[in-house]
Amino acid sequence: PEQARVFYRGLDPRAMGVLMDRARHDLGTPFGLWQRDPVGFVEDVLRVGLWSGQRRLLESIRDNERTASAACHSPGKSLTAAAAVLFWGSVWPVGTAQSVTTAPRMRQVKHILWPYVRRLHAQAKLPGVVQMTQWKIGNEILGYGYSAEEHSEDAFSGIHAPRVLLVVDEAGGITHTLGRSYAAVLSNPHARIMLIGNPPVDEEGTWFEDQCEKSEELVYPVRIPASETPNFTGERTPRCTLCPPGVPPHRVALHLTTQAWVDEVTNEYGADSAYVTARVHALF
């Protein structure tokens, strides 16, 4: 995928158009060129700059059936998940792939992840229409979001598509009963589950914690503490493309967690507090 990415970026627009037309014919979608390269799709099609932690998360849904990302405050995880939804629905032919996003509360579904889906879809001028919590092309639903009852044992049965991506946002608030219902999705051999969220501050032994502590062969971990984000490591980030018109150009790192915020919450709650343990160090 990395070599293909370099090759595509070296083509002039006309040659790239010819190649995408060929992909439409052979693969059922012009974006099929990126089936093995979610990072390339996000950077070159959605035109979103990524830092290394976001790339690891995207590559994990390509390579692993289950991915669990316990993360600090503001590392860009919800933006990454929204980009994954658009990647999944774009690189496979319409009608063969579906993304489902969920969270403990419907307001979280509506107001955290799906606003990013709408903005990225519009920026890239992708096919179809994105409504409040649904992406459609014609009569086909490529992605949707909803929140199930927390003790529903069959909340995610009946999801049928050749390829399914389930994104669980704010996973720290998911109950064990609801978490077990997600296993129904994995009856599909091409299914993927992505869990993202902060470790809970006030509860031990959650379903999210259980998932994050499983062996790497079962659930691939992408832990993101504040200390590994660009404002702490010095990693250079690309320019942000999602800011409103009129805002001076700046780098993605401006949106990520900062040393000033870490100092503030450490002074307020204490270095050994549950809040700092979870929201700064991404530990349960």
Side-chain angles (χ1 to χ4, degrees), residues 27-32 34-35 37-42 45-48 50 54 57-62 64-67 69 76-148 155-171 174 178 181-182 184-197 242:
L27 304 175
T29 167
F31 305 110
W34 289 275
Q35 285 179 358
D37 189 13
V39 170
F41 176 85
V42 173
V45 178
L46 300 185
R47 303 196 312 278
V48 170
L50 301 170
Q54 293 173 306
L57 193 51
L58 288 167
E59 288 169 349
S60 183
I61 66 164
R62 175 193 67 194
N64 301 289
E65 185 178 71
R66 306 186 193 204
T67 299
S69 180
K77 57 186 181 296
S78 294
L79 171 66
T80 309
V85 167
L86 293 171
F87 161 76
W88 197 258
S90 297
V91 301
W92 310 108
V94 173
T96 68
Q98 191 173 81
S99 299
V100 181
T101 81
T102 189
R105 301 286 180 267
M106 192 61 194
R107 61 176 173 78
Q108 295 168 320
V109 175
K110 287 182 178 179
H111 302 305
I112 296 178
L113 195 150
W114 276 86
Y116 281 125
V117 176
R118 291 194 295 274
R119 291 169 67 187
L120 294 174
H121 179 273
Q123 175 168 286
K125 297 181 173 61
L126 293 177
V129 176
V130 178
Q131 299 162 332
M132 180 63 73
T133 57
Q134 184 175 260
W135 176 23
K136 293 181 67 176
I137 295 180
N139 294 323
E140 294 287 346
I141 298 175
L142 277 67
Y144 66 94
Y146 86 111
S147 179
F156 289 85
S157 60
I159 298 175
H160 299 298
R163 297 179 184 274
V164 176
L165 170 66
L166 174 61
V167 177
V168 184
D169 199 7
E170 304 296 336
I174 298 296
L178 192 53
S181 76
Y182 299 152
V185 174
L186 294 175
S187 62
N188 183 315
H190 300 295
R192 295 288 187 269
I193 294 181
M194 172 196 281
L195 315 176
I196 58 173
L242 285 178

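Side chains included, hydrogens not; waters and symmetry mates left out as well; all remaining heavy atoms used. Since the model is a prediction, treat every value here as computed from it, not as a measurement.
- Residues L178 and S181 approach most closely at O-OG, 2.6 Å, considering heavy atoms.
- Contact check for L242 versus L120: side-chain heavy atoms found under the 4.5 Å cut-off.
- Taking CG of L166 as the reference point, atom CZ of R66 lies at 10.5 Å (rounded to 0.5 Å).
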Side-chain donor-acceptor pairs of residues 76-92 under 3.5 Å, sequence neighbours excluded:
| residue | atom | partner | partner atom | Å |
| --- | --- | --- | --- | --- |
| T80 | OG1 | Q54 | NE2 | 3.2 |
| T80 | OG1 | G76 | O | 2.7 |
| W88 | NE1 | R163 | O | 3.4 |
| S90 | OG | L86 | O | 2.7 |

Please tabulate, for side-chain N and O atoms in residues 123-131, each donor-acceptor pair with protein atoms closer than 3.5 Å (sequence neighbours left out).
| residue | atom | partner | partner atom | Å |
| --- | --- | --- | --- | --- |
| Q123 | NE2 | L46 | O | 2.8 |
| Q123 | NE2 | R47 | O | 3.2 |
| Q123 | NE2 | T241 | OG1 | 3.1 |
| Q131 | OE1 | Q134 | NE2 | 3.0 |

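- Between the E59 side chain and the V39 main chain, no donor and acceptor come within less than 3.5 Å of each other.
- Pairing each heavy atom of L58 with each of I61, the nearest pair is O-CG1, 3.1 Å.
- In this structure, I141 and Q98 approach most closely via the heavy-atom pair O-NE2, 3.1 Å.
- Counting non-hydrogen atoms of neighbouring residues, nucleotides and ligands closer than 6.0 angstrom, the CE atom of M132 reaches no more than 12 such neighbours.
- Residues in residues 106-115 take part in these side chain to side chain donor-acceptor pair (under 3.5 Å) pairs, two or more places apart or across chains: T101-W114.
- Smallest separation of non-hydrogen atoms from F41 and W34: N-CD1, 3.4 Å.
- How far OG1 of T29 is from CD1 of I137: 8.0 Å, rounded to the nearest 0.5 Å.
- In this structure, V109 and D169 have side chains that are not in contact, with every pair of non-hydrogen atoms separated by 4.5 Å or more.
- In this structure, the separation between CZ on R192 and CG on N64 is 7.5 Å, given to the nearest 0.5 Å.
- Between the side chain of S60 and the main chain of L57, no donor-acceptor pair closer than 3.5 Å is present.
- Rounded to the nearest 0.5 Å, atoms CG (L27) and CD (Q35) are 5.5 Å apart.
- Contact record, A103 with S147: O-OG, 2.9 Å, taken as the closest heavy-atom pair.
- The two residues L195 and A171 make their nearest non-hydrogen contact at CB-CB, 4.2 Å.
- P104 has its side chain within reach of I174: a pair of non-hydrogen atoms, C-beta onward, lies under 4.5 Å apart.
- Listed for the T102 side chain is no donor-acceptor partner under 3.5 Å among the backbone atoms of V168.
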